[in-house]
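Since we're looking at a predicted model, the values are computed, not measured. Below, chain A is the first sequence line, B the second, and so on; all start at residue 1.
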2 protein chains.
Amino acid sequence: MLLQNPTKQAAVTTADKVFEQLQFAIVEGEMAAGSKISEPELAKHYQISRSTLREALNRLEKCHLIERKANVGSRVVDCTIEGLLELYITREALEGMACRQAALNMTDEEVAHMQDMLTQHAGDKALQDGVAYYQEKGDLDFHYKVILGSHNKQLIELICGQLYHLIRMYRCQFGMNSPRASRAFDEHSRIIQAIADRDGELAEMLMRRHIAASRKNIENKITKEIAQKEQNKIQLIKS
Amino acid sequence: MLLQNPTKQAAVTTADKVFEQLQFAIVEGEMAAGSKISEPELAKHYQISRSTLREALNRLEKCHLIERKANVGSRVVDCTIEGLLELYITREALEGMACRQAALNMTDEEVAHMQDMLTQHAGDKALQDGVAYYQEKGDLDFHYKVILGSHNKQLIELICGQLYHLIRMYRCQFGMNSPRASRAFDEHSRIIQAIADRDGELAEMLMRRHIAASRKNIENKITKEIAQKEQNKIQLIKS
DNA sequence: AAGTCGATAATTGTCGACAATTATACTTAA
DNA sequence: TTAAGTATAATTGTCGACAATTATCGACTT
């Protein structure tokens, strides 16, 4: 499963290819979050020169997957709870606006296509009832379509080109295949309705609530996990 | 006048310095919008190697001031009306949310400091009544403080690190020292009040209206200018 | 005369080496 | 034993050259 973002163009140069591999490695956690990056080591591993590697690193920095300090080096970004919440706040703002713009700017064909997609997902959903499939692919499909429907290059670039890599990273690392599938589906359905009605204000509000709900869901889950770990620690000490 | 963004750190490496110079050159229009960038030529001009120049170009790309195509080269972004409107839509979303977060997260000291700043600006404003100063420096000061007050690294990076360079570029190129100084001041004042009241919802709404008003103002001005030019053309043909 | 194909020139991508800076480990003194 | 200072090693920044790709110009065909 790749789930590449829809704005990306074919990787022609070797730096492009290495960038994609590194991106995958970081998102999937093969390169640990927060770990230091050794340019000579990585260059050797991918059999490329440091110049080419640095080109790839620059693109990783562009989508906020690594951080660089002058004369010190690069690190993979680390996944913190605060970072995750900040990311979702930003996402709420951007995707909410994208949804409003989609309601204003989507062509009728695009709207129809989205509705088709949703009914198709409904079939899949009924079929394998609540399986993570919808959450993974269907969810991303939906959100990408809305974002692209905004017809706003700035929004599209910021969300698809930058934020979503980080979101995927957090999803992988925190193991977030949250069991909101059926509820999310209903929310998606209402959002599409608002877009079809060309009701930008409602569309934005619904999208923001949709994302906020997702954020709160995660927040709950994580705080519970932390509580669980604390519990384990205490039991470990007792025994 | 530099009006550097408040998040930037000192430029230590030569690539950093060249980046800053290029950034300035692009924003101020010394390098024409839409023009092609010749790496050998620029490298020679700044007396640096192409590697170093490319490092600088990568940072310019990060703040969306240039665009690169593989095996073809870089161009300065061009300033279109559509691009400007898309930028302001995005800004409305991000800065609106930043303002909401500022209402929630700013310390009392930060709020007090902003209020001080505003009264000081009020003095300046009374002094030189309506002069562009407020529009230039005061306006940016205000917006930066709100954004930083959100205490959201993601928002801060996106707005200050990326969007604002473009905004400054558009301001320069389209000659936008709009005569909204006094009205903008009142709007700023109300926004600070909402922040001081910790009313996130109102703060966001006011900031969004503030930016939307600015956008509409520009929209009007530009369409008028275009109409004017058409008029001139017609007269030219007649004569 | 217009358009297409091919050779040449120019530009971008990639490479390996050196310079400058930072991190590490060891020695020395308190 | 701890701390500071210094010398060494490793890493990042910068450079110039070569390879690969693209753009330009001219010849040739229709």
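- Checking side-chain atoms of A:R208 against main-chain N and O of A:E92 turns up no donor-acceptor pair under 3.5 Å.
- Atom CD of A:E61 and atom P of D:dG13 are 10 Å apart (whole Å).
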Please lay out, stage by stage, how B:E95 and B:R215 fare under the test salt bridge (Lys or Arg N to Asp or Glu O under 4.0 Å).
CA-CA 14 Å; B:E95 238 180 294; B:R215 187 187 74 227; over 6 Å; no
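- Using bins of under 30°, 30° to 60° and over 60° for the plane-to-plane angle, the ring pair A:H210/A:H143 lands in the parallel bin.
- Counting all heavy atoms, side chain and backbone alike, B:L53 lies closest to B:E39 at CD2-O, 3.3 Å.
- Taking a 4.0 Å limit (strictly below) on heavy-atom distances, residues 31-38 of chain B reaches DNA chain C at B:K36, B:I37.
- Nearest heavy-atom pair across A:A98 and A:I159 is CB-CD1, 4.1 Å.
- Phosphate proximity of D:dG13 to A:R54: present, with a side-chain N or O under 4.0 Å from OP1 or OP2.
- Shortest non-hydrogen contact noted between B:H165 and B:C63 is CD2-CB, 3.5 Å.
- Rounded to a whole Å, the CD atom of A:E39 is 13 Å from the C1' atom of C:dT22.
- Distance from the side chain of A:V72 is smallest to C:dT22 among C:dT12, C:dT14, C:dT22.
- Judged by distance alone, with hydrogens and angles left aside, the side-chain atoms of B:R75 form a donor-acceptor pair with the main-chain N or O of B:G34 at under 3.5 Å.
- Atom NZ in B:K69 sits roughly 17 Å away from atom C1' in C:dG13 (whole-Å rounding).
- Atom NZ of B:K44 and atom P of D:dT14 are 21 Å apart (whole Å).
- Legend: residues meeting side-chain hydrogen bond (donor to acceptor under 3.5 Å, both in side chains) with B:T13, ordered by chain and number and at least two apart, are absent.
- What separates CZ of B:R75 from P of C:dT12 is a distance of 11 Å, to the nearest Å.
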Would you mind building the protein contact string for nucleotides 15-20 of chain C? One character per nucleotide, 5' to 3', B for base within reach (heavy atoms under 4.0 Å), S for sugar-phosphate only, - for untouched.
BB----
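- Counting to the nearest Å, the C1' atom of D:dG13 and the CG atom of A:N58 are 13 Å from each other.
- A distance-only check finds a donor-acceptor pair linking the side chain of A:E86 to the backbone of B:K153 [under 3.5 Å].
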